[in-house]
Structure formats: C-alpha cells, structure tokens
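Sequential numbering from 1 along the given sequence is applied to the chain's residues.
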Amino acid sequence: MNDARVLLLTGSPKHYMAPPLLATDQLTGGPDWPDAHDADAGWSTLKTPPGEYDVAAQLARLPPHQKPDLLVCLVDAGRRNVPRNLAAFRGPKVLLVADTHHMRSPVSTMVRYAASEPYDRVVFLYDRHHASVFHAAGLRNLFWFPGLTFPHGDDFVRQSRRDGARATQVAFVGQAGRLHPRRARLLAGLTAAGLPLAQQALGQRDALPFYGSSSMGFNSSLNGDLNLRVFEILASGALLLTDRLAPSSGFDALLTDGRDCLLYGDEDELVAKVTTCLRAPDEARRIADAGGRWFLERFGEQARRDMFNALAFDGRAPEPFPLPQHELARLHFKDTRDLLATVMVYEGVQELHRLQPEVRVALDEGVPANVSELCATLPRVRLVRPSDQGRVDLLVTGMKNAEAATSVGAAHVWCWDAAVAQLPGLGAIFAARGYAAASPELGFYSARPQLPATVALAKAG
C-alpha cells in the first residue's frame, strides 16, 4: 500500500531529529511541532499537547482528504509524546519504541505503555535487546527495524558523498558532555594519541555531508544501543568506527567487523584501529566502500519504505532485520512481580553501564537465568562469582545466603527471592552492616548511595 496516508506522532522536534520517510503522503505531529495549516492543502504539521493526549481529538482536526490509513507513534520513556485512546483509530496502529537504554525506568515505563494501548505492531528502533522483556510481559507482534528514523532520501545521500575529495580525518557529530562519559573518554583518547579527530556540532542535514567529506566516522553508543549514527556514517561512505555491542543488539546480523565496518571494545583498541587505517588507507577505503554499498543496496529510500509498509499493513518482518522467536522467548518469569522486580534491577545495572567503563555483577548459586540473560544484553557487564576477587557493583543472592552476602563488600545487593513477609527482618540484617534499603519492597540494599537514579536525558543521542 505505497499510496497510504500516514500520520506520524513523534516526541522528536524537527530541529533535533527530522521525521523518517514512511510515505509520500505523510503528516507529522507532536508536542514540538507547530500547527501549520493551509486553507487549500490542509495541515502540514500538527501541534499536540505534551505528555498524554487523546488521539481522537487530533484525528477530528483533519479534513477528509487527510484522514490517515496508518497511525504511527514514536514514543520513548521521556513521556513527552504519549498518545492515548488509540482505539479511536480504526486502521493499523504502529508503536515505534525509542530509547529504552536511558532515562528513568525506561524499559518498565515503555512496557506498561505498550501494554495499555491496542497497537497492532510494536517496532524496536535502537534497542532490539529489550524485545524479550516485552515478549515476557505478554506483548506480541514485535519487530525490529534499526535505522528506520534515517530521514534522508537517496539523492541527498549521493550528493553528500565526496569520494574523490575526502579529508583524512575521524569525523564525529554528536554530544560528548557529562551525559556521555564513555564517549568523552574515547574522544579524549583519540586526541591524546595525536590522531586527526574532527568534531563538530551540526544539525542532521549538515552532518551527512561532513561525514561524506571525511575518510572515517566515529560512533560510540550512549548505552549499548544500535543508534542512528551507524546508518548516517554508512550512508556517507565514510569508514564506520563503532563500539562492539552485545549479540542481542542484532548488529552482527547487519555488518561484519573488518568487512564493512571496524569495531572496537575500548580506548586502546579504538586508537590502534584508527592508527592502522592511517597506515593502510587502501584497506580502510575498501572497508568503507563495502559499508557504503551495503547502505545503498539494502537500505535505500524505497527499500526502507517498502519494508515498513509490509510490516505495518501485512505484519511481515523486514528480511534484513531478524527477530527470531527463540530470542524473544528466552525470559521466563513466574509472575508480574518477578518480572517487574528483575527489570527494575536491570535498569539500575543499565544506568551503571552508562556511567562506568565496566560493571561487575556477582551471581550467587540459584539465581534465575533471567538475570544473567538480561545482563548479557549490555556489552560491558562482567558476570562473576561472589568468591571472585575484585570490585562487585551488584551482588544477586538468595535468602539462603543473605547474611553472608554482606561480607562480599558489594556496593549493592539484591535478594531476589525475598518474600514480602521476610523483608522487615532482611532490612534489619543489612542495616546492621551499613546497608540502606534502596528499594525495600524488592529486597534491594546499597552500601553507598543507591544506584544512580536514571537521569531523564532529554534526547541525549
């Protein structure tokens, strides 16, 4: 249905992130879009209230020739764009799940929202590794479409490439302040090594030509996410240098290290790979060209649109972006409380992962596999035993070993199987040993100030 009319409701303002090209006839609205109306043509953009609002009220504003065939809502845990009353729309309804890798309680917030509205499709943009949580919560019709929010057409992509006149430099566009500590460390490492880093603050439309005039493009995910910058650098024809993600991210299903991109795990590996590229520019160019071809052949403007239409109207998953059933079904919780408790603890580990180069999680005997499965979705979480040497950021233990757990010296302890009736006595044990109840209803205790509250990072891409 390539001639479908699409209404896209998004929390992303145009100056920060232009809307994806989902259809030729597309109307975009959101809290940061203006009301723009022409007496003859109708609405060009719609302004919606911030936070929760009734979709029916927005649909009622549209003239007959602008009534949509498809409703697409891009929502993240920032909750700036929270469409409600989706049942008022009779056609297919697609939820684009964005940014569950940061902000406050991002995974549990989005699971609750997705379960509360009658969406026909739920599509993960950047965080494929969280799809199994949604599945465990009972949600179905889950899909993965990385890079769907890439906003540029094929003509602009080709115009942005300067293959014959690329500067020998590592280009980077994006934020690298206090909200991105790891990214800042990596960029500082390139500078300290004397490597040709070119960093600029540019809008989306200017970023692509900047990458296109550079031999290499640097990317570092905010927090284990497969972000849009990956696709921007590939589209530009520059060599993609990006951090190694967990297998559940799906990155390995798209690209291969050394064939069409280069991956790094830490500052030393990043510096070494950039140095090698400078010494072997022909090999670096070969890899960059392979990445550029992948984008043009597999991810062009029409291909993206066709794949999205097939997903939205027919429920057909995009062939390049698999989300296998065995991956979706790998988590098994005994009840809702078990699911929410495990996810809340995971969200704390995820926030530590944003802040620290490595997070060490010690798992005691008998800890459910759900915990290790979720920790494995974060590439720099290291799973250890309580008896192992070294720092422990989080110890997960059972009630059987609760008293002994305080001797490990972990910064945080979660007694995963504590029943509600056991919590008062458990709290007394930990308080006597200097631990405070960070989440007393979960049996979660901290020797230092509690796990960092997940900062509401306003569009911290």
Side-chain angles (χ1 to χ4, degrees), residues 107 129 132-133 181-182 223-224 244-248 265-269 330-334 337-452 454:
V107 183
H129 52 291
S132 58
V133 177
R182 182 168 185 264
N223 201 8
R244 192 173 287 109
L245 303 178
S248 55
D266 56 21
E267 179 184 322
D268 291 341
E269 188 176 10
R330 70 178 188 268
L331 301 178
H332 302 279
F333 298 95
K334 61 184 180 182
R337 182 178 185 273
D338 181 29
L339 184 152
L340 291 176
T342 305
V343 170
M344 289 172 68
V345 172
Y346 167 79
E347 287 170 333
V349 174
Q350 180 176 248
E351 177 62 5
L352 286 178
H353 185 266
R354 183 182 71 83
L355 297 169
Q356 299 178 183
E358 180 185 76
V359 181
R360 289 170 58 90
V361 177
L363 302 182
D364 207 349
E365 58 183 13
V367 172
N370 292 328
V371 178
S372 57
E373 288 278 2
L374 283 171
C375 285
T377 67
L378 299 169
R380 290 174 285 104
V381 169
R382 183 179 175 189
L383 296 177
V384 300
R385 301 298 302 172
S387 57
D388 290 351
Q389 297 296 311
R391 183 192 79 251
V392 174
D393 294 297
L394 170 66
L395 168 62
V396 184
T397 187
M399 283 296 296
K400 181 175 71 171
N401 296 326
E403 285 201 56
T406 59
S407 65
V408 173
H412 313 282
V413 179
W414 178 39
C415 291
W416 68 270
D417 60 350
V420 173
Q422 295 173 302
L423 292 176
L426 187 63
I429 292 172
F430 276 91
R433 290 161 176 80
Y435 281 81
S439 294
E441 71 281 4
L442 299 182
F444 192 100
Y445 306 93
S446 295
R448 297 198 296 270
Q450 66 185 56
L451 276 171
T454 313

To the nearest 0.5 Å, atom CD of Glu441 lies from atom CG of Leu340 at 11.0 Å

What one should report as the nearest heavy-atom pair of Ile429 and Arg433 is O-NH1, 3.1 Å

Applied to residues 355-369, the salt bridge (charged side-chain N to carboxylate O under 4.0 Å, His left out) test, sequence neighbours excluded, yields Glu365-Lys400

To the nearest 0.5 Å, atom CG of Leu378 lies from atom NE2 of His129 at 6.0 Å

**Item:** Under 3.5 Å donor-acceptor, Asn370 side chain and Leu331 backbone
**Value:** no

query = Does any N or O in the side chain of Arg354 come within less than 3.5 Å of the main-chain N or O of Gln350, such that one atom is a donor and the other an acceptor?
reply = no

_Over 60° means perpendicular and under 30° means parallel, so tell me whether Phe430 and Tyr435 are parallel, tilted or perpendicular._
perpendicular

*Between Trp414 (side chain) and Leu442 (backbone), is there a donor-acceptor pair under 3.5 Å?*
yes

- Task: Determine whether Cys415 and Leu426 make a side-chain contact, defined as any pair of heavy atoms from C-beta on separated by less than 4.5 Å.
- Result: yes

Donor-acceptor under 3.5 Å (Asp338 side chain, Lys334 main chain): yes

ask   = Mind checking whether Thr406 and Val413 have side chains closer than 4.5 Å, heavy atoms only?
value = no

Q.
With heavy-atom distances below 4.5 Å as the criterion, would you say the side chains of Arg330 and Ser248 are in contact?
A. yes

On a heavy-atom basis, the closest approach of Ala246 and Pro379 is N-CB, 3.8 Å

_Taking the side chain as everything from C-beta on, heavy atoms only, tell me whether Val133 gets closer than 4.5 Å to Leu374._
yes

Counting only N and O atoms by type, is there a donor-acceptor contact under 3.5 Å from the side chain of His353 to the main-chain atoms of Arg380? yes

Worksheet item: Do side-chain atoms of Asp388 reach the backbone of Arg385 as a donor and acceptor pair under 3.5 angstrom?
Response: yes

Practice problem: For the residue pair Leu394 and Val345, establish whether any side-chain heavy-atom pair is separated by less than 4.5 Å. | Solution: yes

For Ala369 and Ser372, the nearest pair of non-hydrogen atoms, with its separation, is O-OG, 3.0 Å

Rounded to the nearest 0.5 Å, the CG atom of Leu363 sits from the OG1 atom of Thr397 at a distance of 10.0 Å

query: With side chains defined as the heavy atoms from C-beta onward, is the minimum distance between Leu395 and Tyr445 less than 4.5 Å?
result: no

**Asked** Is there side-chain contact between Val349 and Val381, with at least one heavy-atom pair below 4.5 Å?
**Response** yes

OG of Ser439 to CG of Leu423, rounded to nearest 0.5 Å, is 11.0 Å

